[in-house]
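When reading the values below, keep in mind they use all heavy atoms of this one structure, side chains included, and skip hydrogens, waters and symmetry mates. First the proteins, then the strands, lettered A, B, ... as listed; each starts at 1.
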Amino acid sequence: MKAEQGPSQELPARFVHEQWPYRPRFKRVNGWRMHYIDEGTGDPVVLLHGNPAWGFLYRAFVEPLVAAGRRVIVPDMVGFGLSEKPVREQAHTLDGHIANLTGLLRQLDVQNATMVCHDWGGPTGLGFALSNRERVRALVIMSTWAWPLPPAEFHTRIFPWRMMHAPLVGPYLLGRHNALAGRGMYLSVVDRKKFRNTAQSVYESVLPDPGSRLLTWTWPRWIPLDHTARAMQRFEWLERELKKSNFPALLVWGREDEVFDYKTFATRFKELLPHAEGPELVTGRHFLQEDSGAEIAAKINGFLDRLDGKQR
Amino acid sequence: MSGIEIVQSVDLDGKRRALVLNEDRVGHYPEFREFFVRRFALERNGLSRPGYVRAPSGMTYALVFVGRSGEPFPDGLEIHALVDALEPLNEADVDTDLWAFMRWMIEGVGGPWRVEDLDATGELYQLPFLRPRA
């Protein structure tokens, strides 16, 4: 049975913002209402966000990718953005989120797709790619991981990471006080003044109530910290299958990324995907799209043009 | 001092329970579940009664422990403020009471979990009632 409906049901069906002029579209996947945008025509580029973001993170990517003759699909994970927001933690699993994405992209009959993966868009997007290889053409990987232990030294520390999402502390700090969509994202960009003036309130406003923010403290609890972790086998599978894969890939990382630092994480991806281009370094902390969106979009266009044998 | 006190006897006459915080996975770190089992004698009491605590504002809170098949008990925990039946909550009091509850809980869980780290986390995320450390 589906979890009960939460306050997200009161969100407007259409989000109106000058930086996000795209038509909202919805599909029902696994019983949940999933929001996405679908702009342009051509081979699809699927832009995947993580915690606590939504498609808005990619607002600087859509136009240049569409202008280059590509179809751009930007889903909001169930639990974030304009998608339905389950109000029970048990509604969220890593496999469930991969299945949500798979449900959406199969309904859209996506073929020859480039999966652009960031944060939890990494394990979910790569999970889709590795279980639907015939639909995927290439990977773009940014500030994420796809192996079991440890994600980063940062994630093993009690202050601030484990404390932030600890039992009761998570619902209090990230739920009642919306700490991750507000202060958390603010701390994870380089140009904080610009972020505060142009984006922070947008991220905060789509998570308006404590119950709507549940995934912000649930995702951290899915990062494996030891061999008893719930997602251990899935991450082992991701690492194993990624290493066997031969998708063309581009690695893009923020120079200032302190959570998934490029020396550790981009290097590890390069070991798994030795043929990958990059890492291309740009100005950015974890949410590098906020600081270097247009530059990363240009790098993706260049990468795909090279795959197409085109020169720009 | 956290200002949290376990109370055994509560007069519920004229009161309502107002849900103020919900945790679906109190055993995410098992030492947190063990803390509640220990402090509220849950191996003996089970689901027979809520736990009650009095917070710094003077308000009493009911802790409703939730079981789920296949999971150690308790799996979830709801915190309800006991308020006058027809009166709205004082949200500011609830906020600071809950923070006092967090500090009491972390102190009780112990081991590597330190109140200093909780306070530092609250300061990092700029809880409005906490002042940055000098």
Side-chain angles (χ1 to χ4, degrees), chain A residues 3-4 6-7 52 86-93 156-188 196 200 204 209-226 228-230, chain B residues 19-36 61 63 66 68-71 74-79 89 91-92 94-106 108-130:
Chain A
E4 61 211 76
V87 296
R88 298 295 299 276
E89 183 159 339
Q90 285 73 18
H92 294 291
T93 65
T156 66
R157 278 191 247 141
I158 285 188
F159 171 76
W161 180 253
R162 292 173 67 197
M163 185 67 81
M164 179 187 78
H165 67 260
L168 292 156
V169 181
Y172 178 82
L173 199 58
L174 278 58
R176 280 182 75 89
H177 290 280
N178 206 8
L180 206 57
R183 178 81 171 160
M185 288 192 76
Y186 172 85
L187 292 172
S188 297
R196 176 166 281 166
Q200 184 170 338
E204 290 173 321
D209 310 302
S212 70
R213 301 164 190 152
L214 183 144
L215 192 50
T216 68
W217 70 86
T218 298
W219 265 141
R221 295 178 178 183
W222 275 87
I223 295 177
L225 296 180
D226 61 44
T228 66
R230 293 172 285 181
Chain B
L19 179 64
V20 294
L21 198 68
N22 180 59
E23 170 57 67
D24 280 334
R25 196 172 153 81
V26 75
H28 176 71
Y29 295 118
E31 55 267 41
F32 284 72
R33 176 194 288 121
E34 290 157 13
F35 164 74
F36 288 108
Y61 293 81
L63 309 185
V66 178
R68 179 172 285 107
S69 301
E71 298 292 338
D75 192 43
L77 172 56
E78 298 171 352
I79 301 182
L89 282 171
E91 294 265 9
V94 170
D95 224 26
T96 51
D97 281 351
L98 287 174
W99 187 249
F101 183 87
M102 301 296 148
R103 299 183 87 248
W104 174 77
M105 175 183 71
I106 292 294
V109 171
W113 298 91
R114 303 184 317 145
V115 173
E116 292 86 344
D117 287 331
L118 176 68
D119 288 343
T121 305
E123 288 163 9
L124 177 67
Y125 289 102
Q126 297 186 331
L127 290 180
F129 51 83
L130 294 178

What pair of heavy atoms forms the shortest contact from A:Q90 to B:D24, and how long is it? NE2-O, 3.1 Å
Residue B:R68 versus chain A: region with a heavy atom under 4.5 Å: side chain
Spatial distance of atom NE2 (A:H165) from atom NE2 (B:H28) [nearest 0.5 Å]: 4.0 Å
Hey, does B:T121 have a side-chain heavy atom less than 4.5 Å from the side chain of A:V169? no
Whatever's closer than 4.5 Å to a heavy atom in chain A on B:L21 counts as side chain
Compare every heavy atom of B:D95 with every heavy atom of A:Y172, then report the nearest pair and how far apart it is. OH-O, 2.9 Å
Side chain, backbone, both or neither of A:L173 within contact of chain B (heavy atoms, under 4.5 Å): side chain
Contact part of B:F35 toward chain A, heavy-atom cut-off under 4.5 Å: side chain, backbone, both or neither? neither
So for B:E71, is it side chain, backbone, both, or neither that comes closer than 4.5 Å to the heavy atoms of chain A? neither
A:L174 versus chain B, the contacting section by heavy-atom distance below 4.5 Å: neither
Given side-chain contact (heavy atoms from CB on, under 4.5 Å), test A:L168 with B:I79 step by step and report yes or no. CA-CA 10 Å; A:L168 292 156; B:I79 301 182; 3.9 Å; yes
Once rounded to the nearest 0.5 Å, what's the spacing between atom CD of B:Q126 and atom CZ of A:R183? 3.5 Å
Taking all non-hydrogen atoms of both residues, which atom of B:V20 and which atom of A:R176 are closest, and how far apart? O-NH1, 3.4 Å
Smallest heavy-atom separation, B:E23 atom then A:R221 atom, equals OE2-NH1, 2.8 Å
Check: A:L187 and B:L124 side chains under 4.5 Å, non-hydrogen atoms: yes
Quick one: of A:M163, A:E89, A:M164, who has the most non-hydrogen atom pairs under 4.5 Å with chain B? A:M163
I need the A:F159 CZ to B:E116 CD distance, nearest 0.5 Å. 12.0 Å
Sort A:R162 into side chain, backbone, both or neither according to what part of it lies under 4.5 angstrom from a heavy atom of chain B. both
In short, A:A166 meets B:F32 closest at the heavy-atom pair CB-CZ, 3.9 Å
Considering all heavy atoms of both residues, which atom of B:M105 and which atom of A:P167 are nearest to each other, and what is their separation? CE-O, 3.3 Å
Plane angle bin for B:F129 and A:H177 - parallel if under 30°, tilted between 30 and 60°, otherwise perpendicular: perpendicular
